[in-house]
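Take a look at the structure below.
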Number of protein chains: 2
Amino acid sequence: MDVGARLRAIRKLKGLSQRELAKRAGVTNSTISMIEKNSVSPSVSSLKKVLSGIPMPLVEFFSLDLEQGNPTQVVYKHEELIDLSSGQVEMKLVGKAHTNRMIAFLNEMYPPGADTGDDMLSHEGEEAGTVVSGRLELTVGLETYILEPGDSYYFDSTQPHRFRNPFEEPVRLISATTPANF
Amino acid sequence: MDVGARLRAIRKLKGLSQRELAKRAGVTNSTISMIEKNSVSPSVSSLKKVLSGIPMPLVEFFSLDLEQGNPTQVVYKHEELIDLSSGQVEMKLVGKAHTNRMIAFLNEMYPPGADTGDDMLSHEGEEAGTVVSGRLELTVGLETYILEPGDSYYFDSTQPHRFRNPFEEPVRLISATTPANF
DNA sequence: CAAGGGTGTTCGGAATTTTCAACAGCCGTG
DNA sequence: CACGGCTGTTGAAAATTCCGAACACCCTTG
């Protein structure tokens, strides 16, 4: 994590000089110079102060992807989706060529009787999805729901959850999870 | 942004004492004590050092949502999806009750002739989608693609992009964008 | 080319953070 | 209750960071 380079890149992206940013942020230009040269490691409070002149929250500063640019594959034909299936559940991942993806975007199919296992799932992030065909049983926390085609869900992945298909038709759904855990 | 409280919460979540974390991180327990009490504002490098004992990257430290817990709606019936339609394009958002969402999860429908406008779109983040029915023309950067049902896409939203339906059938797709810009 | 305004860098000293060591409290055990 | 082992907190000294003021460089302008 090259704090100096990040700050410099962001500052230039905004078209600010060291002095201009310093003035807006209420620090001296030398502070910014030294931070950018990595000759100091700023305190969180002073970095926050500096970023307030952009303005930009700390999260964004650390999460911003500066080395964007590798032109990867954009469109994935149906048969190109990468198969992550485990057990009976069919899961196909969109965007295999995309390194460091933020979204796990999946096309899923649960045959009759399939589920995500007896243990409830729980992990960092959020997830959403829409049922395309068939019916789905979704348990989140203590609640259990039945979703029909067109119905959707959205919840914190930290809440324990499980997907099941107790019906006689296979259920197809499209889902997104972030951050991507693949 | 209460750095001290965050660190304390995360440390306790991991079941570590100040001394234990200090040992793993290679700092002294007093450092951790003072950071947690907000009697100092740690330098980025030392905070990073402290977090290495968890371990946890800086991004996650700043983005972690500690005040999770508001039990919001999980399932959204088809008719409950919130309508964001603009012009001819029908866009329905999943998860209206979810405040501060990370994912914009949409059910979209482009009638014949519809598009996202003459200007190419460009914004922070990444997006993915799958065509459910109909055919879609997608332009990303200099390339234009035709997607059929089951075909999917994934790209950096910073690349200029446009969606069009030049065909005679409406096209339905399900998409996810992060960070959520709604 | 001299002057003025812009850029970023560097220096010494002031201010802040970190260490080291000691301290106070709590609990379970002998 | 004294003891060891744990918890977190708090001093003074050492280390690091920040400010204020200079410096060097590049333009443009007169």
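Below, chains carry the letters A, B, ... as their sequence lines are ordered, and counting in each starts from 1.
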Within residues 32-44 of chain B, find the residues that approach DNA chain D with a heavy atom at under 4.0 Å, and present them sorted by residue number.
S33(B), K37(B)
Between F155(B) and Y145(B) (judged by ring centroids, cut-off 6.0 Å), do the two rings come close enough to count as a pair?
no
Among pairs that include at least one residue of residues 164-173 of chain B, which meet side chain to side chain donor-acceptor pair (under 3.5 Å), considering only residues two or more places apart or in two chains?
E137(B)-R164(B)
Positional range of nucleotides in DNA chain D within the contact set of chain A, heavy-atom, under 4.0 Å:
dT17(D) to dA22(D)
If each of N29(B) and E20(A) is mapped to the nucleotide of DNA chain C with the nearest heavy atom, which maps nearer the 5' terminus, i.e. the 5' end?
E20(A)
Non-neighbouring partners of K37(B) that pass side chain to side chain contact (heavy atoms under 4.5 Å, CB included), sequence neighbours left out
S33(B), S39(B)
List for me each residue that meets side chain to side chain contact (heavy atoms under 4.5 Å, CB included) alongside A22(B), sequence neighbours excluded, and say none if there are none.
V27(B), N29(B), I32(B)
Using only side-chain N and O atoms of [X], determine if any of them is under 4.0 Å from OP1 or OP2 of [N].
X: R11(A); N: dG8(C); result: yes
X: S46(B); N: dT18(C); result: yes
X: Q18(A); N: dT9(C); result: yes

Which part of the nucleic acid, if any, lies within contact of S30(A), taking any heavy atom under 4.0 Å across all strands shown: a base, the sugar-phosphate backbone alone, or nothing?
base
Quick check: is F61(A) connected to F61(B) through a chain of hydrophobic side chains (ILVMFWY, heavy atoms under 4.5 Å apart)?
yes
If hydrophobic clusters are built by linking Ile, Leu, Val, Met, Phe, Trp and Tyr wherever their side-chain heavy atoms come under 4.5 Å apart, do V89(A) and M109(A) end up in the same one?
no
Contacts under 3.5 angstrom, residues 45-59 of chain A side chains, donor-acceptor by atom type, not counting sequence neighbours:
residue: S45(A); atom: OG; partner: S43(A); partner atom: OG; Å: 3.1
residue: S45(A); atom: OG; partner: S41(B); partner atom: OG; Å: 2.9
residue: S46(A); atom: OG; partner: S43(A); partner atom: N; Å: 3.2
residue: S46(A); atom: OG; partner: S43(A); partner atom: O; Å: 3.0
residue: S46(A); atom: OG; partner: S43(A); partner atom: OG; Å: 3.0
residue: S52(A); atom: OG; partner: K49(A); partner atom: O; Å: 2.5

Ignoring hydrogens and angles, does a donor from either the side chain of R19(A) or the base of dG6(C) sit under 3.5 Å from an acceptor on the other?
no
Does any non-hydrogen side-chain atom of V44(B) lie less than 4.5 Å from one of F62(A)?
yes
